[in-house]
Student: 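Before I ask anything, let me first share the structure, which is written out below as structure tokens.
As the structure lists them, so they are numbered: ligands from 1, and atoms in each ligand from 1.
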Amino acid sequence: MITIKRPEDFARMRRAGICVAEVHQATRDAAKPGVSTKELDELAVEIIEAHGCTPSFYGYLGTYPGHICASPNSVIVHGIPGDHVLVEGDLISVDVGAIYEGYHADAAVSFGVGELAADVAKLNDDTRRAMWAGIAAVRPGARVGDIGAAVQAVGDEGGYGIIREYVGHGIGQKMHEEPQVPNYGRKGKGMRLRTGMAICIEPMFTLGGEETAVLDDEWTVVTADGSWACHWEHTVALTPDGVQVLTVGEHVSTDLADNLGHV
Ligand code: MF3
Ligand code: CO
């Protein structure tokens, strides 16, 4: 079911989005060599609670044990915070979801711990650029396939593995709503977007193939070939006042035009 949000619903999602952006900033600042992903999780909980929000991920599907996902290196998504100790050169994705008055926001950033190898730094830049290419395709009347095609074009150009098994999604009172938003597709195909919808656009690219595997913990998604992976995500709303990126910092304009490529 597609849910149509009212401006007051988007205002709640924006409050959740500010919280998510602050968790990203704080975890990034804290992510130095020697710090464990569990410590990042503990920091995240403090910030989420200080905002009067609830973590979206904890207990998801009855079993997710973390409050954020921390996915280093060959982990694509859904890395459970734990005893992985960060080392210089790690590429880590921090994925955060928060709920404010019943409404969710969900976003992920990837960054290097210290200096990244050149090919890994390019993977990170290109995955982020693919996310913005997808976001730039959002407007009332556009199709879900327009987003996928825009993301895929960047991935193909870089020769990356483009993950197909995990996709972006609608968002609102649930973290995962319709429609699914794949990171591949054809322009002009798929569901038409309209005002009142909110979607998460979240490309996942690898330096190798697109095949995935899930570890015995039943959550951690890794590349089948061990290649390193990258993940970026924002929550984007089609409001009556235009397309807004809800998961940017409090003092950043949410207008799409002000944000393209910057955050
Ligand atoms: N951003 C992720 C997603 O869109 C969050 C899910 S993590 C989970 O799927 F632990 F909650 F599953
Ligand atoms: Co998501």
Student: Do Gln152 and Asn183 have side-chain N/O donor and acceptor atoms under 3.5 Å apart?
Tutor: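 Absent: no donor and acceptor within the cut-off.
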Student: Please report whether the ring centroid of His78 lies less than 6.0 Å from that of Tyr60.
Tutor: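 Ring-ring flag for Tyr60/His78: false, centres at least 6.0 Å apart.
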Student: Give the cluster check for Met13 versus Ile48: same hydrophobic cluster or not, with ILVMFWY residues linked at side-chain heavy-atom distances below 4.5 Å.
Tutor: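 Looking at the clustering, Ile48 is in a separate group from Met13.
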Student: Looking only at side chains, do Ser227 and Asp225 share a donor and an acceptor under 3.5 Å apart?
Tutor: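 Distance-only check passes for Ser227 and Asp225.
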Student: Between Arg15 and Tyr100, do the side chains contain an N or O donor and an N or O acceptor separated by less than 3.5 Å?
Tutor: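 Checked: Arg15/Tyr100 side chains pair up, N/O donor to acceptor below 3.5 Å.
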Student: Judged by atom type as modelled, is there a donor-acceptor pair below 3.5 Å linking the side chain of Glu88 to the main-chain atoms of Glu115?
Tutor: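 At least one qualifying donor-acceptor pair exists.
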Student: For the Co ion (ligand 2), how many protein N, O or S atoms lie at less than 2.8 Å?
Tutor: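 Under the 2.8 Å cut-off, the count stands at 4.
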Student: Mind checking whether Val94 and Arg28 have side chains closer than 4.5 Å, heavy atoms only?
Tutor: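 Heavy-atom side-chain distance check fails, nothing below 4.5 Å.
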Student: Near Tyr166 OH, under 6.0 Å, is it more than 12 heavy atoms from other residues, nucleotides or ligands?
Tutor: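 Atom OH in Tyr166 is crowded, with more than 12 foreign heavy atoms closer than 6.0 Å.
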Student: Tell me the residues surrounding ligand 1, counting only those with a heavy atom closer than 4.0 angstrom, sorted by chain and number.
Tutor: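 The answer is Phe57, Tyr60, Tyr64, Cys69, His78, Asp95, Asp106, His169, Met175, His176, Glu202, Trp219, Glu233, counting any residue whose heavy atom sits under 4.0 Å from ligand 1.
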Student: Do you know the tightest heavy-atom contact between Glu218 and Val214?
Tutor: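 In terms of heavy atoms, the two residues are closest at C-CG1, 3.6 Å.
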